[in-house]
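One structure is given below, encoded as structure tokens.
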Amino acid sequence: MPKVPLWDLPELPGNQLPLHLQLQKTRVSCNKDAPTNTENVTYSGAYAAMGVDNSLRLDEFRKNFKVKVIKLNEEDMEFDLIGIDASIANAFRRILISELPTMAIEKVLVANSSSVVQDEVLAHRLGLVPIKVDPRLFEYMSENDVPNEKNSIVFKLDVKCERKSGERRTVYSHDLEWLPSGSNYMLPTESSSDPSSKPKTYTSFTSSQDSLPEFSNNPITVTPGIIISKLAPGQEIELEAHAVKGIGKTHAKWSPVATAWYRMLPEVVLLQDIEDDDAQKLVNKCPVNVFDIEDMGKGVKRATVARPRACTLCRECIREPGWENKVALRRVKDHFIFTIESTGALPPEVLFTEAVKILEDKCESVITELS
């Protein structure tokens, strides 16, 4: 192929890169041995020699940034974050896991437990039971605070397996009973000279929680169906569980999500027409049915990319020699498929909006410190 003089090369449009550099900048190429072009080019002068400004502009970010909801229900949410850097997506993930507050059982007062489950194991299992209540309605409780209706929730667990039944009994999370008036257990205090003095319990509730408007028609519950213990005939468990507000950074039991994760959008490109027997072979290779066969007429059948979003980059389609020249597997660097699975305290869409607020507060604090 003859060399083309530099002065005869076509001029590039303003502020645009050549196709191969644009591909390296915006895509991760997934070859059969390892991915390439995984780094993000964030240096503003990276392409200065080509007359392209690589600096981040707020107006361009606003124009390109999009959030597209794909699936939403009470338990999980899948949406696309388009036009952002991986660091921002990861910031949302970390905030969702460790910095959004929830209510979780922190203190367990055991009055009687004759089950085979040790008290500390029982308390640990109770702490992991998700509580269905909005944590924004409660305050944090410090070491100097006393438990009250604004910072604590009290549950009672009193179950017994009768001897005459002859069968084991399973203790579930929905056996926990909410005590809106606070603890029923009395504090071990010294005897008072005043006989009219009222004995104090472990909580200092001045009013019942179910008298508050937010709880009057919406009682506090826990996620049902979780096995806590199993009792043999004659065994019983009697205890109180006190829940407080916390974050997942302190302990995983306060994390509001079962999981929060993201992946870059897969991009599957056919580099040439794949027809007839090769088309069927390609369809059979893929375990998640990314490809399909389209009838082109006159007995010609051609492979098409029908479901690129389902691609898991298992690379089965390019593993055999020669197929890398036919199929290209890529990932879009600024397009993330984000999934949130809520434990039940708050809906997943509320969790994401709260994560955005926390990130906003962090940015404001940084700007304040710098200024």
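Treat the numbers as computed from the prediction; the structure is a model and nothing was measured.
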Quiz item: Any side-chain heavy atom of Gln235 sitting closer than 4.5 Å to one from Arg163?
Solution: no

In terms of heavy-atom contacts, Cys317 and Leu282 come closest through CB-CD1, 3.8 Å

key: Under 3.5 Å donor-acceptor, Asp85 side chain and Ile88 backbone   = no

Sorted by chain and number, sequence neighbours left out, ring pair (Phe, Tyr, Trp, His ring centres under 6.0 Å) with Tyr185 holds for none

| Run the side chain to side chain donor-acceptor pair (under 3.5 Å) check on Ser55 and Asp53 step by step: do they pass? | CA-CA 6 Å; Ser55 58; Asp53 186 6; 2.9 Å; yes

d(Asp175 CG, Ile226 CD1) to nearest 0.5 Å is 12.0 Å

query = Yes or no on side-chain contact (heavy atoms from CB on, under 4.5 Å) for Ile70 and Arg309, after CA distance, side-chain angles and deciding distance?
reply = CA-CA 12 Å; Ile70 306 300; Arg309 191 183 182 91; 3.3 Å; yes

Between Asp276 and Gly299 the two heavy atoms that sit nearest each other are OD1-O, 4.0 Å

Side-chain donor/acceptor pairs under 3.5 Å, residues 285-298, sequence neighbours excluded:
residue: Lys285; atom: NZ; partner: Glu320; partner atom: OE2; Å: 3.1
residue: Asp295; atom: OD1; partner: Gly297; partner atom: N; Å: 3.1

Exercise. Taking atom NE2 of His124 as the centre, does the number of heavy atoms from other residues, nucleotides or ligands within less than 6.0 Å exceed 12?
Worked result: no

Do Arg168 and Leu231 pass the side-chain contact (heavy atoms from CB on, under 4.5 Å) test, and can you show the C-alpha distance, the side-chain angles, and the key distance before you say yes or no?
CA-CA 6 Å; Arg168 292 181 178 271; Leu231 302 179; over 6 Å; no

Here the salt bridge (Lys or Arg N to Asp or Glu O under 4.0 Å) pairs for residues 346-355, sequence neighbours left out, are Arg136-Glu354, Glu354-Lys357

Residues Ser255 and Thr102: closest non-hydrogen pair is N-OG1, 4.2 Å

Residues 217-246 vs salt bridge (Lys or Arg N to Asp or Glu O under 4.0 Å), sequence neighbours excluded, gives none

| task | Mark yes or no for whether Asn64, through its side chain, and Phe61, through its backbone, hold a donor-acceptor pair below 3.5 Å. | result | no

d(Ser98 OG, Arg93 CZ) to nearest 0.5 Å is 8.5 Å

Taken in chain and number order and not counting sequence neighbours, the residues that satisfy salt bridge (charged side-chain N to carboxylate O under 4.0 Å, His left out) with Lys25 are none

**Report entry** Distance-only donor-acceptor check, side chains Asn284 and Gln280, under 3.5 Å
**Finding:** yes

- Among the clusters formed by ILVMFWY side chains lying less than 4.5 Å apart, do Ile84 and Val28 turn up in the same one? yes

Say whether, by atom type as modelled, one donor and one acceptor occur between the side chain of Arg169 and the main chain of Val159 under 3.5 angstrom. no

For Tyr140, the other hydrophobic cluster members (4.5 Å side-chain criterion, sorted by chain and number) are Ile247

Closest heavy-atom pair, Pro180 versus Asp210, reported as atoms and distance to 0.1 Å, is CG-OD2, 3.5 Å

Shortest non-hydrogen pair, Ala232 vs Cys161, comes out as O-CB, 3.4 Å

Quick check: does any side chain N or O of Asn151 sit under 3.5 Å from a backbone N or O of Met141, one acting as donor and the other as acceptor?
no

Original post:
So Lys156 and Val154, side-chain contact (heavy atoms from CB on, under 4.5 Å) or not? Walk me through it.
Top reply: CA-CA 7 Å; Lys156 179 181 71 174; Val154 181; over 6 Å; no

Sidechain-backbone polar pair: Ser181 side chain, Ser208 backbone, donor-acceptor under 3.5 Å: no

Between Lys132 and Val222, is any pair of side-chain heavy atoms under 4.5 Å apart? no

Tell me if a side-chain donor or acceptor on Glu78 pairs with a main-chain N or O of Ile340 at a distance below 3.5 Å. no

Could you walk me through whether Ile227 and Val171 pass side-chain contact (heavy atoms from CB on, under 4.5 Å), step by step?
CA-CA 6 Å; Ile227 297 177; Val171 182; over 6 Å; no

For residues 81-111, the ring pair (Phe, Tyr, Trp, His ring centres under 6.0 Å) pairs (sequence neighbours left out) are Phe92-Phe352

By salt bridge (charged side-chain N to carboxylate O under 4.0 Å, His left out), Glu369 pairs with (sequence neighbours left out) none

Starting from Ile105, can I reach Leu137 by hopping between I/L/V/M/F/W/Y residues whose side chains sit under 4.5 Å apart? yes

Residue set satisfying salt bridge (charged side-chain N to carboxylate O under 4.0 Å, His left out) with Asp278, at least two apart, ordered chain then number -> Lys326

Scanning both residues in full, the closest heavy-atom pair of Thr223 with Thr343 reads OG1-O, 3.7 Å

Original post:
With no hydrogens and no angle check, is any side-chain donor or acceptor of Asn31 less than 3.5 Å from a backbone partner on Asp33?
Top reply: no

Is it the case that more than 12 heavy atoms not belonging to Arg315 sit under 6.0 Å from its CZ atom?
yes

Would the distance check show the side chain of Asn40 and the main-chain N or O of Thr42 forming a donor-acceptor pair, the cut-off being under 3.5 Å?
no

CZ of Arg27 to CD of Glu267, rounded to nearest 0.5 Å, is 4.0 Å

(request) Report yes or no: does Ser152 contribute a side-chain atom to a donor-acceptor pair with the main-chain N or O of Glu149 at less than 3.5 Å? (result) no

Q) Counting only N and O atoms by type, is there a donor-acceptor contact under 3.5 Å from the side chain of Ser371 to the main-chain atoms of Thr368? A) yes

_When you compare the side chain of Arg263 with that of Trp261, does any pair of heavy atoms fall below 4.5 Å?_
yes

Hits for salt bridge (charged side-chain N to carboxylate O under 4.0 Å, His left out) against Asp273, two or more places apart or cross-chain, chain-then-number order -> Arg302

Honestly curious: do Phe155 and Leu128 fall in one hydrophobic cluster under the side-chain, below-4.5 Å linking rule?
-> no

**Message:** Whether Arg319 and Glu316 form a salt bridge (side-chain N of Lys/Arg under 4.0 Å from carboxylate O of Asp/Glu) is what I want to check.
**Reply:** yes

Q) Around Glu167, counting heavy atoms of other residues, nucleotides and ligands shown, do more than 12 lie under 6.0 Å from its CD? A) no

query = Regarding Ser142 and Asn144, is there a side-chain donor-to-acceptor distance under 3.5 Å anywhere?
reply = no

For Lys68, is the NZ atom crowded, meaning more than 12 foreign heavy atoms sit under 6.0 Å from it? no

Show me, pair by pair, the donor-acceptor contacts under 3.5 angstrom made by side chains of residues 327-338, not counting sequence neighbours?
residue: Arg331; atom: NH1; partner: Met264; partner atom: O; Å: 2.4
residue: Lys333; atom: NZ; partner: Gln24; partner atom: O; Å: 2.9
residue: Lys333; atom: NZ; partner: Asn37; partner atom: O; Å: 2.7
residue: Lys333; atom: NZ; partner: Glu39; partner atom: O; Å: 2.7
residue: His335; atom: NE2; partner: Asp80; partner atom: OD2; Å: 3.0

So the ring pair (Phe, Tyr, Trp, His ring centres under 6.0 Å) pairs with at least one residue in residues 199-235 (sequence neighbours excluded) are Phe138-Phe215

* State plainly whether one hydrophobic cluster holds both Leu346 and Val133, where clusters connect Ile, Leu, Val, Met, Phe, Trp and Tyr through side-chain heavy atoms under 4.5 angstrom apart. => no

Original post:
Hey, any chance Val244 and Leu157 share a hydrophobic cluster, counting ILVMFWY side chains that come within less than 4.5 Å of each other, even indirectly?
Top reply: no

Counting only heavy atoms from other residues, nucleotides and ligands, does the tally under 6.0 Å from CG of Asn217 exceed 12? no

